[in-house]
Amino acid sequence: MYHYLSRTFFFREREREREMALATMDEGPRSPEAKLGMRVSDLWDVQEPRLTPTEKLNACFESIPVSAFPMSPSNQEIEIKSDATLAEAVKILARHNIFSAPVVDVNAPEDASWIDRYIGIVEFAGIVVWILYQSEPASPRSPSTPSSASAIAAAANGINFALELEAAGLGSAAATSGNFFQDLISSELYKNTKVHDISGTFRWAPFLALEKSNSFLTMLLLLSKYKMKSVPVLDLGAGRIDNIITQSAVIHMLAECSGLQWFESWGTKSLSEVGLPLVAPNHIIKVYEDEPVLQAFKIMRKKRVGGVPVIERDSKKTVGNISLRDVQFLLTAPEIYNDYRAITVKDFLNAVRSYLENNKNALPMLSEFVTCKMDCTIKELIQLLDREKIHRVYVVDDDGDLQGLITLRDIISRLVHEPRGYFGDFFDGVLPLPPNTRV
């Protein structure tokens, strides 16, 4: 009898909690993400009591197909043709205020399957960094010297481009002037190189896509443990990409789940309780504010990180943040650098801030240096990331000194875990984890 009453009390409490959550959501239009959170709640309630909270979440997300994830308004089925020039690709991405888009092979037949239709996803930052890399080609004896005919041609174009810059007195990143960017967008390399010409270099991982029937758990693992920034979702019948789920979209979904029991049980934990930050102070890659801005972007490309804090050389204090997504200002607004004889990281940040103040409708906003303390909760961190529309938060102590770094991927990696043998041998030789992986 006591057992029955306890269970009755439990379900009454859960129903009351559900009604309160719904009432909170009814204060305004209920978002698709909030509805999705309620679906997780329903699954949470029927999980085996012996399961740990993490195991329950894994089971819940394994039961929801990725087709249930809300469509992103920014997707708008925007695709870039493989024969588009880099200049055209940049204009498309900038016009729609998106960071990446799938590339369609123009030579694929009408009835081609998705794997023949798409050659990958091109990112804004990937285009810019590739162009900058061509301005300083590798030595002929470098181990990375290209061997294919197309790669050799691309390298030759890079050498010619570098010689043109040198003749113009622009040279390397150490002496980059404001005119450097004007020359970039007027160069033959930029205007004539096709997107398919850089198809082997504009992405760090193979092009992987999910079917609509694949689970949330699979999607979350790809975005966290396997370091994908976005995951395309396919409509197999049409052979087309139906949706693109990003790390930011997942964080927004989590933010909309505030108040739900499954989220609160996880989100009210402090950073240290869930093992964050993953990146310790001595492992954070930094740049000094007096370094050339191109050097900062090249460091990010070489180290494969999305952003770095900007440090004042004398005080060692952090004075800002620079992100790979900020590179698009180099090509979309090169006129703001014309007055600079040499553009340092500090010059870049100041110029972009001034540009944005005078162009209120300009997008995207500059990546700012946003911090939190170690006693911050996961919930507070998620709400901060979602509100500020940023990809990383720096953990600082009471004196403002860096204690760690937390990215969107780090948070998602703490939400779920990969069950033993979950992917089998699917990734063997396809998407190996880097030897220094932190997940």
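- Lys225 places no side-chain N or O within donor-acceptor distance of the main-chain N or O of Leu222, the cut-off being under 3.5 Å.
- Not counting sequence neighbours, Tyr288 has no partner by the ring pair (Phe, Tyr, Trp, His ring centres under 6.0 Å) test.
- Between the side chain of Ser265 and the backbone N or O of Trp262, at least one donor-acceptor pair lies under 3.5 Å.
- By the side chain to side chain donor-acceptor pair (under 3.5 Å) test, Glu312 is found to be paired with Ser315, residues two or more places apart in sequence or in another chain being considered.
- Every pair passing side-chain hydrogen bond (donor to acceptor under 3.5 Å, both in side chains) that includes a residue from residues 269-281 is listed here, sequence neighbours excluded: Ser270-Ser272, Ser270-Glu273.
- Every residue two or more places apart in sequence or in another chain that forms a salt bridge (Lys or Arg N to Asp or Glu O under 4.0 Å) with Asp290 is listed here: Arg313.
- Partners of Val233 by side chain to side chain contact (heavy atoms under 4.5 Å, CB included), not counting sequence neighbours, listed by chain and number: Val66, Lys212, Asn243, Ile245.
- Remark: Phe369 engages Tyr394 in a ring pair (Phe, Tyr, Trp, His ring centres under 6.0 Å) (not counting sequence neighbours).
- Shown here are the side chain to side chain contact (heavy atoms under 4.5 Å, CB included) partners of Val104, two or more places apart in sequence or in another chain: Glu79, Arg117, Tyr118.
- Scored by the side chain to side chain contact (heavy atoms under 4.5 Å, CB included) test, Pro70 finds Pro32, Glu33, Leu36 as partners (sequence neighbours excluded).
- A donor-acceptor pair is defined here as one N or O able to donate and one able to accept, closer than 3.5 Å; no such pair exists between the side chain of Gln295 and the backbone of Pro292.
- Asp401 is linked by a side chain to side chain contact (heavy atoms under 4.5 Å, CB included) to Lys317, Asp397, Asp399, Gln403, counting only residues two or more places apart in sequence or in another chain.
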Could you please spell out the steps behind the salt bridge (charged side-chain N to carboxylate O under 4.0 Å, His left out) verdict for Asp410 and Arg392?
-> CA-CA 9 Å; Asp410 295 335; Arg392 64 196 58 244; over 6 Å; no
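- With sequence neighbours left out, Asp83 forms a side chain to side chain donor-acceptor pair (under 3.5 Å) with no residue at all.
- Qualifying side chain to side chain donor-acceptor pair (under 3.5 Å) partners for Glu211, counting only residues two or more places apart in sequence or in other chains: none.
- Sorted by first and then second residue, the salt bridge (Lys or Arg N to Asp or Glu O under 4.0 Å) pairs involving residues 51-71 (not counting sequence neighbours) form an empty list.
- The aromatic rings of Phe329 and Tyr355 sit perpendicular, their planes meeting at an angle over 60°, well past the 30° parallel limit.
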